[in-house]
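Everything below concerns the one structure shown next.
Bear in mind the structure is a predicted one, so any value in this text is a computation, not a measurement. In each ligand, atom 1 is the first atom listed, and ligand 1 is the first ligand listed. We use all heavy atoms of the structure for the numbers below, so side chains are in, but hydrogens, waters and symmetry mates are not.
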Amino acid sequence: TNLAKESAACAAVNEQIHNNVRIIGIGSGSTIIPAVKRIAEIVQKDNLDLICVPTSLQARELILSNGLKLSSLVEHQELDLAIDGADEIDEQFNCIKGGGGCQTQEKLVAFCSKKFIVVADEKKWSKRLGNTWTKGIPIEVIPIAYKITKKEIEKQLGGEVIVREGTEKLGPVLTDQGNFILDWKFDASKTSNWSDVNQTLKMIPGVVETGLFVNMIYKAYLGNSEGKVEVKT
Ligand code: DER
């Protein structure tokens, strides 16, 4: 629910923004929207000197439209904090991202940040990856390799790989990097060591980045429909 997302987003910003944060990574999706609004309020109120690094064209637009200072990973490779959403998080903090197709820059920003914070509706929390998020793991691949990678993923890891198609545009979706996205519908009962799975995927020629974020999350702020927030570390 919106209240769940807003409460998680504001709780995270309120708690994290003051600890000497100067450079912050801004995620993509819908939950990040109230987070950026809250950041802009605090920057205004406390006259903070904050620089924002986006994870997508959508995040870039969000930074600009909220009057925040925009920069990039070319200027800053060490971020004090990064805040982003998630599609599903399990109890070991394995996380699926990329529902919005932005996982490549999202993972770079998360990798560069001292603290990577996830904000989400509590429904994203699950016992096993695949229990709640059923659209598969997003994998960015270079266009000429989409059939090679599809075949290799299905051969090595099973499941089914589908090329993500546009809705109002015919043909495959292009990422902000100009690549295709494969959604890998994995067999949740068979898969458990996500670190190994991620390494296997990354080794396949043509794969750019996966939506598997393993051992990257510092804290997860999970909001519920009453606006209560649970913090998982
Ligand atoms: O696509 C992404 O990685 C987004 O961050 C997604 O995981 C969260 O989107 P939401 O905040 O709209 O649920």
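Of all atoms in ligand 1, numbered sequentially from 1 with element shown, those under 4.0 Å from a heavy atom of Ala86 are 7 (O), 8 (C). Which parts of ligand 1 touch Gly99 is read off a 4.0 Å heavy-atom cut-off, strictly below it: atoms 1 (O), 2 (C). Taking every heavy atom of Gly29 and a limit of under 4.0 angstrom, the matching atoms of ligand 1 come to 9 (O), 12 (O). Set against the non-hydrogen atoms of Ser28, the atoms of ligand 1 under 4.0 Å away are 4 (C), 5 (O).
Inclusion of Lys5 in the set of residues having an N or O under 3.5 Å from an N or O of ligand 1 is not warranted. Residue Cys102 has no nitrogen or oxygen atom sitting less than 3.5 Å from a nitrogen or oxygen atom of ligand 1, judged on distance alone. At a 3.5 angstrom cut-off on N or O pairs, Ile32 does not count as close to ligand 1.
Judged by distance alone, with hydrogens and angles left aside, the side-chain atoms of Asp121 form a donor-acceptor pair with the main-chain N or O of Lys123 at under 3.5 Å.
Checked by atom type, the side-chain pair Glu209/Gln105 shows no donor-acceptor distance below 3.5 Å. Under the 3.5 Å distance criterion, with hydrogens and angles disregarded, no donor-acceptor pair is assigned to the side chains of Asn193 and Ser195.
Of all protein heavy atoms, the one lying nearest to atom 11 (O) of ligand 1 is Thr31 OG1, 2.7 Å. Among protein heavy atoms, the minimum distance from atom 6 (C) of ligand 1 is reached at Asp87 OD1, 3.4 Å. Here the heavy atom of the protein found nearest to atom 1 (O) of ligand 1 is Gly100 N, 2.6 Å. Of all protein heavy atoms, the one lying nearest to atom 13 (O) of ligand 1 is Lys124 NZ, 2.6 Å. Counting only heavy atoms of the protein, atom 12 (O) of ligand 1 lies nearest to Ser30 OG, 2.6 Å.
A heavy-atom separation below 4.0 Å is not found between Gln103 and ligand 1.
Annotation: cation-pi geometry satisfied between Lys107 and Phe213 (NZ/CZ under 6.0 angstrom from ring centroid, within 45° of ring axis).
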Can you list, pair by pair, the side-chain donor-acceptor contacts under 3.5 Å of residues 214-224, counting residues two or more places apart and other chains?
unit_1	atom_1	unit_2	atom_2	d
Lys219	NZ	Glu15	OE2	3.1
Tyr221	OH	Glu15	OE2	2.5
Tyr221	OH	Gln16	NE2	3.0
Asn224	OD1	Glu226	N	2.9
Asn224	OD1	Gly227	N	3.1
Asn224	OD1	Lys228	N	2.9

Could you tabulate the donor-acceptor pairs under 3.5 Å formed by side-chain atoms of residues 20-35, not counting sequence neighbours?
unit_1	atom_1	unit_2	atom_2	d
Ser28	OG	Thr55	OG1	2.6
Ser28	OG	Ser56	OG	2.7
Ser30	OG	Lys5	NZ	2.6

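Look at Asp90 and Lys127 and you find no salt bridge, because none of the NZ, NE, NH1 or NH2 atoms lies under 4.0 Å from a carboxylate O. Asp87 has no carboxylate O lying under 4.0 Å from a charged side-chain N of Lys135, or vice versa, which leaves the two without a salt bridge.
The two residues Gln156 and Thr200 come nearest to each other via the heavy atoms OE1-CG2, 3.1 Å.
Only the side chain of Asp84 comes within 4.0 Å of ligand 1, judged by heavy-atom distances.
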